[in-house]
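A short worksheet on the structure shown next.
Residue numbers begin at 1 in each chain, while the letters A, B, ... track the order of the sequences.
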Amino acid sequence: MITELVQRVVDRWAEEQGWAEAPAVRLERPAEEAHGDYATPLCMQLARTAKRAPKILAEELQARLQAEPDVARLVERIEVAGPGFLNFTLSGTAYSEAMAAMVADGADIGRGTMREHPHVNLEWVSVNPNGPLHVGHGRYAAYGDALYRLMTFGGSRVSREFYINDYGRQMDRFGRSVAARYAQSFEVDLPVPADGYQGEYVKDVAATVRGEVGDTYLPALRLVAAAAAAGPGAAPAGQAAAAPAEAEDEEGDETAAVSDWPSDPAVDEAVAFFRKRGCDLMLDGMREELEGFGVAFDTWFSETTLHVGGALERVVKDLLDKGEAFEEGGAIWLRTTSRGDDKDRVLIRGNGRPTYFAADIAYHENKLERGFEHLINIWGADHHGYVPRMNAAVEILSGRPGTLEVIIGQLVNLLEQGELKQMSTRRGEMVTLGELVDAIGVDAARFFLVMRSHDQTLDLDLALAQQQSSENSVYYVQYAHARIASILRNIPAETKPAIEAGPEVFASPYERALIKRLESFAWTVQDSADRRMPHRIAAFAQELAADFHVFYKHCRVIGVSPALASSRLALCLVTKAVIFRCLELLGVSAPESM
RNA sequence: GCGCCUGUAGCUCAGCUGGAUAGAGCAACGGACUUCUAAUCCGUGGGUCGCAGGUUCGAAUCCUGCCAGGCGCGCCA
């Protein structure tokens, strides 16, 4: 409010003086109370272009501002201080007017107006559906969902997307693992392949499948069991003996065999079935778990559809036709070096199989075809080496740089009594999202996972998190909300919220601090949305809650004069609405009582 | 070796893209409930902002070089 006023005066001033550009006015909140409510270092920055001393400039601007009627009404005092700061002390009227504006906004306080926004696609979580979600996924889930909520509230059009990596070798291994557990449930001695998934959850999947299909696939799997019993060397001709699987290697290796199961139409059919059905069941579980966590998606996109639908071949051919891709050494490469990558990247391997990169290109082409103008991907830090090539690829596809925005989230370290542990899906050594939620609840988990900057590696000690759950900052914020709800329950019905006139209205520093905080909410939303930093909403919520708790301690709402009661009730309602909004943006509930 | 992220109080982290004497929570200590919820509030102690230069009126913030930690650098996904 004051910012615009000052900006207007500065613009006019700059024009009169013939300065090339009117500087953008930024008001900041001084650390020192004696420095007033707002301050601006503008004149110090202006000193160079104006070629005059900052203090002289400040004095001139002070005089110009004081001549403005609006300024005279809203600002009690303007002072020149220090090396050339301009300090503003607001009048009581300014607080009342600010409150009136926020009351008028109602539940929409802070909501961004829909600007000329591109249609944004936000993709996150995106995993192989072959294991439970761990806390690392949980962190990205919480971050991405909060970012979605924040951007949407800030005025952007955002569509949420989950990319299902349901194609390739990992899923073959998963399918065989499910098949093996299924066979075992019939007492058939078929071990889970060494390069497969050993976790207990695979048994659950197998049991569900058995319930659906009975013993339909048992004969085929008996063949496999028989071959396995005969030893690896007994595999049918053409089937190379499997290289020993790298037990520690999560990703597996293209050169390693999936397993040494015999090649037989019935076996292939069974494996294909278990892969597909197992994948679907895992996905159902994930969707359910994410929904329980408050995270939903508009689109679940299957990688397999790109391979079977011909989209992948089409995009590769297109790139070849356009000269962006070329053939060399039996493989097809994309010339990503033309767009800033260090080396060109393979699309189709010498053996004819497409790379993951090629599928990703087809996927992003699909997003562009669906009309999205800006693509945001949230990846873990372990994939950041992949960013330049993907940026290059999307630039080639879209014809303009900057279409793809990759946000790199740092990882979650799992600690146990201060000791760092390595998470491993295969060994089952990990904390799942479900375990975290069971330990501390959805609200605390979401707040905990999103309150730190995504650029920061997060240390998680489950035992400690559980122990400290009652100290989680989320309760501090929720408590403020519950306290306001309690006031609303107790206040006499004849007290109506209203901004009354009078010298006692919004006169205390506690009310004023709260109002100033509330006023900065809209800016906080814009800033944290633009900078993709939802953790700032968490920080803001804590500060707002602190301002409220102090207000609550010093200012009573019930049992004071009618003018004060009405005004403070209005302040409580606005505060409640903003706390509610903050919590909602983070996917956390706002209880009416605690 | 190269690239990205990080280094701020005993611990966990903020620090609003350069502002005035660097903040919060936890932990430690001392206070405050006959009044709208004490899951709260008030106070005390606690710092070479990794180190060294540079840019300027002014640097935790920007640049360079070191040091330390994490993550990457495939015809893997």
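For C41(B), neither phosphate oxygen OP1 nor OP2 lies less than 4.0 angstrom from any side-chain nitrogen or oxygen of Tyr479(A). Within the 4.0 Å cut-off from OP1 or OP2 of G15(B), at least one side-chain nitrogen or oxygen of His535(A) is found. One finds a side-chain N or O of Arg349(A) lying less than 4.0 angstrom from the OP1 or OP2 phosphate oxygen of A77(B). Between Tyr475(A) and the phosphate of A39(B), there is no side-chain N or O to OP1/OP2 separation shorter than 4.0 Å. For G18(B), neither phosphate oxygen OP1 nor OP2 lies less than 4.0 angstrom from any side-chain nitrogen or oxygen of Arg26(A).
By the 30° and 60° cut-offs, the orientation of the rings of Tyr167(A) relative to His307(A) is parallel. Ring geometry, Tyr363(A) versus Tyr163(A): the interplanar angle falls under 30°, so the pair is classed parallel (tilted spans 30 to 60°). Ring pair Phe580(A)/His481(A) is tilted by interplanar angle, where 30° to 60° counts as tilted.
Shown here, C33(B) is classed syn by the O4'-C1'-N9-C4 or O4'-C1'-N1-C2 angle, which is within 90° of 0.
More than 12 heavy atoms of other residues, nucleotides or ligands sit less than 6.0 Å from atom CD of Glu500(A).
A donor-acceptor pair under 3.5 Å is formed between the side chain of Arg446(A) and the backbone N or O of Leu586(A).
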Taking only N/O atoms, report every protein-nucleotides 3-7 of chain B pair under 3.5 Å with atom names and distance.
{"from": "G3(B)", "atom 1": "N2", "to": "His384(A)", "atom 2": "NE2", "distance (Å)": "2.1"}
{"from": "C5(B)", "atom 1": "O2'", "to": "Gln410(A)", "atom 2": "NE2", "distance (Å)": "3.4"}
{"from": "C5(B)", "atom 1": "O2'", "to": "Asp455(A)", "atom 2": "O", "distance (Å)": "2.7"}

Write out a two-atom table: protein N or O, nucleotide N or O from nucleotides 32-36 of chain B, distance below 3.5 Å.
{"from": "U35(B)", "atom 1": "O2'", "to": "Arg556(A)", "atom 2": "NH2", "distance (Å)": "3.0"}
{"from": "C36(B)", "atom 1": "O4'", "to": "Arg556(A)", "atom 2": "NH2", "distance (Å)": "3.4"}
{"from": "C36(B)", "atom 1": "O3'", "to": "Asn490(A)", "atom 2": "ND2", "distance (Å)": "3.3"}
{"from": "C36(B)", "atom 1": "O2'", "to": "Asn490(A)", "atom 2": "ND2", "distance (Å)": "3.1"}
{"from": "C36(B)", "atom 1": "O2", "to": "Ile558(A)", "atom 2": "N", "distance (Å)": "3.2"}
{"from": "C36(B)", "atom 1": "N3", "to": "Val557(A)", "atom 2": "N", "distance (Å)": "3.2"}
{"from": "C36(B)", "atom 1": "N4", "to": "Tyr552(A)", "atom 2": "O", "distance (Å)": "2.7"}
{"from": "C36(B)", "atom 1": "N4", "to": "Cys555(A)", "atom 2": "O", "distance (Å)": "2.8"}

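Side-chain to base pairing of Asn130(A) with A77(B): no donor and acceptor N or O lie closer than 3.5 Å to each other.
Within the 4.0 angstrom heavy-atom criterion, base atoms lie near Ala482(A). His549(A) comes within 4.0 angstrom of sugar-phosphate atoms only, judged by non-hydrogen atoms across all strands, and of no base. Residue-level contact check: Gly330(A) touches neither bases nor backbone, having no heavy atom under 4.0 Å from any strand. Across all strands shown, Ala39(A) has heavy atoms under 4.0 Å from base atoms, whether or not it also approaches the sugar-phosphate. Residue Gly350(A) is classed as a base contact, given a heavy-atom separation below 4.0 Å to a base.
Spacing between U48(B) and A59(B) at atom C1', rounded to whole Å, works out to 15 Å. C62(B) and U44(B) are spaced 32 Å apart, taking the P atom of each and rounding to whole Å. A68(B) sits 16 Å from G50(B) when the P atoms are compared, rounded to a whole Å. Of the P atoms belonging to A60(B) and G53(B), the separation is 14 Å, rounded to the nearest Å. Taking atom P on both C29(B) and A20(B), the two are 34 Å apart, rounded to the nearest angstrom. Separation of the C1' atoms belonging to G47(B) and A22(B) is 9 Å when rounded to the nearest angstrom. Between the C1' atoms of G72(B) and C63(B), the separation comes to 25 Å (whole Å). Spacing between A24(B) and G45(B) at atom P, rounded to whole Å, works out to 12 Å.
A salt bridge between Arg345(A) and Asp341(A) is present, with a side-chain N of the basic residue lying under 4.0 Å from a carboxylate O of the acidic one. Using a 4.0 Å cut-off between a side-chain N of Lys or Arg and a carboxylate O of Asp or Glu, Arg339(A) and Glu395(A) qualify as a salt bridge. Using a 4.0 Å cut-off between charged side-chain N and carboxylate O, Glu494(A) and Lys496(A) make no salt bridge. A salt bridge links Glu592(A) to Lys576(A): at least one charged side-chain nitrogen sits closer than 4.0 Å to a carboxylate oxygen. Using a cutoff of 4.0 Å between basic side-chain nitrogens and carboxylate oxygens, Arg77(A) and Glu79(A) are scored as salt-bridged.
Between Trp124(A) and Tyr140(A), the distance from one ring center to the other does not fall under 6.0 angstrom.
Pairs of Watson-Crick or G-U wobble type, with distances under 3.5 Å, assemble into runs of 3 or more in RNA chain B at these ranges: B:1-7 with B:67-73, B:10-13 with B:23-26, B:28-32 with B:40-44, B:50-54 with B:62-66.
Side chain of Asp382(A), nearest nucleotide from A14(B), G74(B), G72(B): G72(B). Comparing G19(B), A14(B), C26(B) by their nearest atom to the side chain of Met44(A) picks out G19(B). Taking the side chain of Glu471(A) as heavy atoms from C-beta on, and the options C41(B), C26(B), G19(B), the nearest nucleotide is C26(B).
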Requested in this report: Any chance you could lay out the side chain to side chain donor-acceptor pair (under 3.5 Å) test for His454(A) and Arg139(A), step after step, and finish with the verdict?
Outcome: CA-CA 9 Å; His454(A) 65 276; Arg139(A) 182 183 197 186; over 6 Å; no

Query raised in the report: Yes or no on side chain to side chain donor-acceptor pair (under 3.5 Å) for Ser508(A) and Glu511(A), after CA distance, side-chain angles and deciding distance?
Result: CA-CA 5 Å; Ser508(A) 77; Glu511(A) 292 163 285; 2.7 Å; yes

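Judged by distance alone, the side chains of Tyr510(A) and Asp547(A) never bring a donor and an acceptor atom under 3.5 Å apart.
By the stacking rule of 5.5 Å between ring centres and under 30° between planes, Phe85(A) stacks on the base of A20(B). We find that the ring of His383(A) and the base of G72(B) do not stack by the test of centres under 5.5 angstrom and planes tilted less than 30°.
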